[in-house]
Amino acid sequence: MKALIVAEYTRDALEGIKAAKTLATGSTILLVFGPASTEAENLSGLVDKVYTLPSRNPEAVYNALRRVYEDEKPDLILGVVSKNVKDSLSRLAGAYDLPMSTEVLEASVEDGSVKYKRGILSERAYSIEKVPMPAIILFNPRIFEPEEARPGGEVVKLDEGDTKVKQIGISKKQLSGVKLEEAEIVVGVGRGFKKKEDLKLAFELAELLGGQVGGSRPIAADFKWLPEDAWIGISGKRISPKLYIAIGISGAPQHMSAVMGSKVIVAVNKDKNAPIFKQADYGVVADLYQFLPILIKKIRERKG
Amino acid sequence: MGDIVVLLKAALNPEMVRSKPDGTLDQDAIPLKLSDIDRNAVEEAAKLKQKLGGKVIGIMVLTVGPMAKREKDLKMAVQEALAKGVDEAIVVADDRLTPGDQVQTAKIIAEVIRNSGINPSIILASEATIDETTGQIPGRVAAKLGLPYISFARSIEVADGKIIAERDLEEELEKVEAELPVVVSVTQEINQPRPPTLIQIRRAARKPQKRLGADDVKQAIGTKRVILERRIVTINRKQQIIEGSNLEEIADKLIEILEKEGVIKL
Ligand SMILES: Cc1cc2nc3c(=O)[nH]c(=O)nc-3n(C[C@H](O)[C@H](O)[C@H](O)COP(=O)(O)OP(=O)(O)OC[C@H]3O[C@@H](n4cnc5c(N)ncnc54)[C@H](O)[C@@H]3O)c2cc1C
């Protein structure tokens, strides 16, 4: 068996190598691109060969992948989901009609095929599926413990090939560094809040309880009232605090699937039919603008 | 401007998940709807057409059967897309093509584009659908047609045969440029889809629709994925609404409950 691991970030490369070694025995080849390419030498002792490409343009990665695929003929192509990894591998999948699975939770290899489990229906259900190899399997992050980096192997440099999509600018997003996935108490804000300034009610509540503030996708990604690392959901962060207080959030599956690890979920929503009440432990049917000031006042009084 | 193609999916609706008594998914009982972010793709297509002309062609491939149960939802999903800006719909639906997988779906889409006299300047798709959410179809189609691909676009600007797009990456926004034709996947943030007007809804019923079956896409038939088991994730929450004669009383009760649960300490 031959596995090809594709990674954009060093941590993902280390998890990918672990995944390859857990799934099957045989040779392992690593392709690192973009930020992880600078670590090619350091990782080379873990695998039989490292291919490295400095560019993170997914078209360049696709060009390089095609050459490596032709030369190496891997049975299994593994990685951890990131946007550029998905992009470049989806093209490889299309070019060779390879089955491809993303956000995979677990996988095993048996006589010529891969069996895996992944969330479907916005993670309201899961599916166990089987595909013949060669196949592409991208795991969710943090499923595998990373290997320890080790230098000393063969490194092969790849070039970009011809690219039709050119980068003409790049800007860093404003991120706060808040680690919602580690917080014990999270206050989640949704479109029930009418303007950015009103979020101070949520921040006040979070501070009193020693918690952090996160939000639904529209609040973080569309309105940008919160930094994107405070975005909770299947396309943002998955959280499992002791207490999640969702305020003005309707309870869409893409949001709720990512908070189901919470011990206790409280929902505050003015619509008694909001779907979130069926997915919460405790519900308060109220206008947040009336209820939050009272709740904050009461907590303050009790704290003395 | 050549054709503006939009890839559409009538997807299983995750808000209406149904299961059998043993916890396995009752997939036949789950209705389909036009996948959420497809609306953003249609809206973007309509905006492009307004600015540059051209025709908006929607392509929808049914991936879950049985047809007898899906006809109504499929029709609704197509109608919605037509009302929101698609000019002409091509629907590929056949029990011989279900259950589909991404290998087959991408092959069908590429074959339809090649064989239906479509001359795409841009092919728009959503970053991911609400049921499978793997986001791989646009990349596959781009590779099959040999077209450049721009994924996760949060904004696009098309002029003079060129596209400038902003890609939404984990920690950066990346601006890229390419010449048309191109395949683009859009994020939910790219626009705010407008609800169709009554006139648009009425007109939708008269717009051309082409229905294709397995015999029309013979080269594309063949899946690789076998589904072994699908189960629902059970949600066990107390679902207790805190009642009280006023908000003060409700707030007091909530605080006491949370203290008793041991999740807050004041
Ligand atoms: C592929 C895909 C991925 C997605 N990923 C994510 C994700 O990662 N995270 C995410 O959050 N979403 C995600 N979404 C979007 C998701 O489908 C919902 O659109 C989104 O979660 C809704 O956010 P919301 O609850 O804040 O807003 P809404 O659904 O608009 O809900 C607002 C709620 O506030 C209530 N409200 C209004 N005013 C008040 C008031 N004064 N007091 C109290 N309550 C009030 C309303 O009753 C309503 O229930 C994704 C969608 C797709 C298709």
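The chains referred to below are lettered A, B, ... by the order of the sequence lines, with proteins before strands, and numbering in each begins at 1. The figures here come from the full heavy-atom set of this structure, side chains too, leaving out hydrogens, waters and symmetry mates. Quantities reported herein were computed from a predicted structural model and do not represent experimental measurements.
Proximity to chain B (any heavy atom under 4.5 Å) is shown, for R66(A), by neither the backbone nor the side chain. Using a 4.5 Å cut-off between heavy atoms, I168(A) touches chain B through backbone and side chain atoms alike. Neither the backbone nor the side chain of P275(A) comes within less than 4.5 Å of any heavy atom in chain B. Looking at Q174(A), there are no atoms closer than 4.5 Å to chain B (heavy atoms on both sides), in backbone or side chain. Heavy-atom distances place the backbone of A280(A), and not its side chain, under 4.5 Å from chain B. The parts of I299(A) that come within reach of chain B are both its backbone and its side chain, each placing non-hydrogen atoms under 4.5 angstrom from that chain. Neither the backbone nor the side chain of K272(A) comes within contact range of chain B; no heavy atoms are under 4.5 Å apart. With a 4.5 Å cut-off on non-hydrogen atoms, R300(A) does not touch chain B at all. At a 4.5 Å heavy-atom cutoff, Y244(A) makes no contact with chain B through either its backbone or its side chain. Only the side chain of V266(A) has a heavy atom closer than 4.5 Å to any heavy atom of chain B. Contact annotation for Q254(A): only side-chain heavy atoms (C-beta onward) come within less than 4.5 Å of a heavy atom of chain B. With a threshold of 4.5 angstrom between heavy atoms, Q188(B) approaches chain A through its backbone and through its side chain. Proximity to chain A involves both the backbone and the side chain of D168(B), based on heavy atoms less than 4.5 angstrom apart. Contacts between I265(A) and chain B at a heavy-atom distance below 4.5 Å involve backbone atoms as well as side-chain atoms. At a 4.5 Å heavy-atom cutoff, I276(A) makes no contact with chain B through either its backbone or its side chain. The part of L254(B) that comes within reach of chain A is its side chain, from C-beta onward, which places non-hydrogen atoms under 4.5 angstrom from that chain. Contact of E103(A) with chain B is made through the side chain alone, with heavy-atom distances under 4.5 Å.
Surrounding NZ of K47(B) are more than 12 heavy atoms belonging to other residues, nucleotides or ligands, all under 6.0 Å away. Annotation for K278(A): atom NZ does not count as buried by contact number, only 12 or fewer foreign heavy atoms lying within 6.0 Å. Within 6.0 Å of CD on E179(B) lie no more than 12 heavy atoms contributed by other residues, nucleotides or ligands.
Contact annotation for residues 106-114 of chain B against chain A (heavy-atom separation below 4.5 Å, listed by residue number): K107(B). Taking non-hydrogen atoms and a 4.5 Å limit, the residue list of residues 235-242 of chain B in contact with chain A, ordered by number, reads I235(B), R237(B), K238(B), Q239(B), Q240(B), I241(B), I242(B). Proximity to chain A among residues 150-161 of chain B is limited to I150(B), S151(B), F152(B), R154(B), judged by heavy-atom separations below 4.5 angstrom.
With respect to chain A, the highest number of heavy-atom pairs below 4.5 Å among Q192(B), E127(B), E229(B) belongs to E229(B). Of the listed residues K265(B), Q104(B), K144(B), the one with more heavy-atom pairs under 4.5 angstrom with chain A than any other is K144(B). When the candidates L169(B), I137(B), T223(B), I164(B) are compared by the number of heavy-atom contacts under 4.5 Å with chain A, L169(B) comes out ahead. With chain A as partner, the option from T134(B), I232(B), L25(B), V103(B) having the largest number of non-hydrogen pairs under 4.5 angstrom is T134(B).
A donor-acceptor distance shorter than 3.5 angstrom exists from the side chain of D131(B) to the backbone of L12(B), with no hydrogens or angles considered. A donor-acceptor contact shorter than 3.5 Å links the side chain of S55(A) to the backbone of N57(A).
Counting only N and O atoms by type, the side chains of R140(B) and Q102(B) include no donor and acceptor under 3.5 Å apart.
Applying the salt bridge (charged side-chain N to carboxylate O under 4.0 Å, His left out) definition to pairs two or more places apart or across chains, those involving residues 10-22 of chain B are E15(B)-K33(B).
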